[in-house]
**Q** 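What follows is a structure written as structure tokens; I'll ask about it next.
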Amino acid sequence: MKAAKLYGINDIRVEEAALPALENGMVKVKVEFAGICGSDMHEYVGGAYPFRTQPVLGHEFAGVVVEVADGVTHTKVGDRVAIEPPIPCGKCDNCKRGFSNLCKKGKSYGYSISGGFAEYAVVSEENVYQIPDNMSLELGALVEPTAVAVHAVRQSQLKLGDTAAIFGAGPIGLLVLQAVKAAGASEIFVVEVSDERRQKALELGATYVINPIDTDAATFIREKTNGGVEVAYDAAGVQATFTSGVNSVHPGGEFKIVSVWERPVEFNPNTVVSPEVKISGSFAYLNIFPEVIRLLARGVIDGNAVITSQISLDDIVDKGFEVLAKDRSQCKILVNMNL
């Protein structure tokens, strides 16, 4: 089968790849759509993660089941499905404590197992989630990143009526925006340098959008909220958003980090000591795919709003990774396997 493989920094090649064996309890999926994730971009420009052991990329994908193996009990040929990539070990301390998203001994499609930037994927039935008839397969490919956003909001201390700020209006930032809106945030600030992304944030429910090049975001947010928001979310992962984000939070509030970082930041702990601001992280998701599918299927979260382009697998480098590296008007680019 044809697949996109990562060989190193700025080195992704579309070439033939072996189809994994269809073992007991597994299903073969014809991939229809797969999204380019920010973490894929980090690998493309910065190098592979230590836990990568398989070159075929892609962990945001959906498709149609075309074959099932022995031991498959509730999935059939023709089912339209979204794939949950992680396979926790179930035995480590984190798994036993109920934090399987933090498993360090597990595997994952698109990292240690052949992923979704391929014509076909072979996955365990446990990682397959059927999507309803009224939900497109394009949205099926948005389930994974939406789960990241929803998990971050559910893990945060945001309550109905609270104010929130989101730093970065890429795919995750725009999905976090919609998640905090659905959770009942009364005012939402979005900080983003791209004109197109700020406009999209307004369309999706932001109360205020701020260009940090023209306006001191932290000062603006503190003035509008009488001291800061209850929760700020970092979906950009750079020094400037870290500094502004921490300084935008109300005393006793929370700065929730959702982004992946390419380099360390400088940080003065005194900025969180006297106001008792909490800094916390959010990683992946935990047992929420069914809920996220419902949110997308019913339009509570508009996944289509973050999709800006569809490209063929052959064009994944030139029209995908290279475009995302240079053009901030782009948001989520989907690989359409039928193009």
Side-chain angles (χ1 to χ4, degrees), residues 35-43 46-54 57-61 82-113 115-116 126-127 129 142-158 164-168 170-180 183 231-238 241-242 245-246 249 254-265 267 272 277-292 295 301 332:
I36 300 177
C37 177
S39 59
D40 297 328
M41 286 298 302
H42 284 292
E43 289 197 275
Y49 298 126
F51 47 85
R52 174 167 295 284
T53 58
Q54 224 288 339
L57 291 158
H59 58 275
E60 304 176 355
F61 62 104
I83 311 302
E84 183 176 23
I87 307 174
C89 74
K91 300 177 181 179
C92 69
D93 287 343
N94 285 342
C95 285
K96 290 180 178 179
R97 292 170 55 235
F99 298 103
S100 59
N101 60 315
L102 307 181
C103 176
K104 301 302 181 185
K105 297 181 180 180
K107 299 179 180 180
S108 182
Y109 296 103
Y111 292 103
S112 53
I113 306 174
E126 294 180 356
N127 293 75
Y129 290 83
L142 267 292
V143 175
E144 199 277 345
T146 305
V148 171
V150 172
H151 177 75
V153 174
R154 288 174 60 157
Q155 289 291 100
S156 73
Q157 63 185 40
L158 185 78
I166 296 129
F167 288 80
I172 295 298
L174 291 175
L175 292 168
V176 170
L177 160 61
Q178 296 187 71
V180 299
V231 184
Y233 302 85
D234 191 301
V238 296
T241 58
F242 183 94
V246 169
V249 176
E254 180 181 21
F255 179 59
K256 174 69 75 175
I257 300 174
V258 192
S259 48
V260 176
W261 301 70
E262 291 181 7
R263 57 183 60 88
V265 296
F267 168 54
V272 301
V277 168
K278 304 172 184 66
I279 297 179
S280 62
S282 178
F283 182 73
Y285 33 79
L286 187 61
N287 302 324
I288 60 170
F289 260 49
E291 295 94 320
V292 171
L295 288 169
I301 290 180
K332 176 62 67 180

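Just so you know, residue 1 is the first one in the sequence shown, and it goes up from there.
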**Q** What pair of heavy atoms forms the shortest contact from V249 to A232, and how long is it?
**A**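 That would be CG2-CB, 3.7 Å.
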**Q** With a 4.5 Å cut-off on side-chain heavy atoms, are V150 and E291 touching?
**A**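 A side-chain contact under 4.5 Å is absent here.
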**Q** Of all residues at least two apart in sequence or in a different chain, which pass the side-chain contact (heavy atoms from CB on, under 4.5 Å) check with I257?
**A**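 Residues passing side-chain contact (heavy atoms from CB on, under 4.5 Å) with I257: F242, F255, S259, W261, I279.
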**Q** Rounded to the nearest 0.5 Å, what's the gap from CD1 on I301 to CG on L295? Could you check?
**A**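 Here the rounded value is 5.0 Å.
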**Q** Can you name the nearest heavy-atom pair linking L142 to T146, along with the distance?
**A**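 Taking every non-hydrogen atom into account, O-OG1, 2.6 Å.
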**Q** Tell me, please, which residues at least two apart from S280 pass side-chain hydrogen bond (donor to acceptor under 3.5 Å, both in side chains).
**A**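 In terms of side-chain hydrogen bond (donor to acceptor under 3.5 Å, both in side chains), with neighbours along the sequence ignored, S280 is linked to E254, K256.
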**Q** Of all the heavy-atom pairs spanning V153 and A183, show the shortest one and how long it is.
**A**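 V153 and A183 have their closest heavy atoms at CG1-CB, 4.1 Å.
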**Q** Find out whether P145 and L175 are in side-chain contact, i.e. whether some heavy atom of one side chain is under 4.5 Å from a heavy atom of the other.
**A**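 Contact flag for P145/L175 side chains = yes.
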**Q** So, using ring pair (Phe, Tyr, Trp, His ring centres under 6.0 Å) as the criterion, who are the partners of F289 when residues are at least two apart?
**A**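 Per chain and number, F289 pairs via ring pair (Phe, Tyr, Trp, His ring centres under 6.0 Å) with Y129, Y285.
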**Q** Sequence neighbours excluded, which residues qualify as side-chain contact (heavy atoms from CB on, under 4.5 Å) partners of A152?
**A**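 If we apply the side-chain contact (heavy atoms from CB on, under 4.5 Å) test to A152, skipping adjacent residues, the hits are V258, S282.
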**Q** Just to verify, what does E43 make a side-chain contact (heavy atoms from CB on, under 4.5 Å) with, not counting sequence neighbours?
**A**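 Only L6, A48, Y49, R52, L57, Y111 meet the side-chain contact (heavy atoms from CB on, under 4.5 Å) criterion with E43.
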**Q** Would you check if Y233 and I172 make a side-chain contact, meaning some heavy-atom pair closer than 4.5 Å?
**A**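 Answer no - side chains too far apart.
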**Q** Compare every heavy atom of H151 with every heavy atom of A284, then report the nearest pair and how far apart it is.
**A**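 Between these two residues, the closest heavy atoms are O-CD2, 3.3 Å.
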**Q** Kindly compute the distance separating OG1 (T241) from CD1 (I166), expressed to the nearest 0.5 Å.
**A**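 Answer rounded to 0.5 Å: 13.0 Å.
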**Q** Would D40 and H59 satisfy side chain to side chain contact (heavy atoms under 4.5 Å, CB included), going step by step from the backbone distance to the final call?
**A** CA-CA 9 Å; D40 297 328; H59 58 275; 3.5 Å; yes
**Q** Using a 4.5 Å cut-off on heavy atoms from C-beta on, say whether the side chain of Q54 contacts that of K107.
**A**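 Side-chain contact under 4.5 Å: no.
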**Q** May I ask you to test the I113-I87 pair for a side-chain heavy-atom distance under 4.5 Å?
**A**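 Side chain of I113 against side chain of I87, heavy atoms only: contact under 4.5 Å found.
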**Q** Is there side-chain contact between K104 and C92, with heavy atoms separated by less than 4.5 Å?
**A**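 Side chain of K104 against side chain of C92, heavy atoms only: no contact under 4.5 Å found.
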**Q** Tell me every residue that passes side-chain hydrogen bond (donor to acceptor under 3.5 Å, both in side chains) with H42, counting only those two or more places apart in sequence or in another chain.
**A**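 Only E262 meet the side-chain hydrogen bond (donor to acceptor under 3.5 Å, both in side chains) criterion with H42.
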**Q** Which residue pairs pass the side-chain hydrogen bond (donor to acceptor under 3.5 Å, both in side chains) test when at least one of the two sits in residues 89-99, sequence neighbours left out?
**A**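 Listed by first then second residue: N94-R97.
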**Q** Report yes or no: does K332 contribute a side-chain atom to a donor-acceptor pair with the main-chain N or O of I36 at less than 3.5 Å?
**A**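 The answer is yes, because a donor-acceptor pair under 3.5 Å joins these two groups.
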**Q** Give me the atom names and distance for the closest heavy-atom approach of G98 to L286.
**A**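 G98 and L286 have their closest heavy atoms at O-CD2, 3.2 Å.
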**Q** Would you say D234's side chain and G245's backbone share a donor-acceptor pair under 3.5 angstrom?
**A**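 Judged by distance alone, no pair lies under 3.5 Å.
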**Q** Closest approach of G90 and C95, non-hydrogen atoms and distance?
**A**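 Result for this residue pair: N-SG, 3.3 Å.
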**Q** Who are the side-chain contact (heavy atoms from CB on, under 4.5 Å) partners of E126, not counting sequence neighbours?
**A**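 Listed in chain order: S124.
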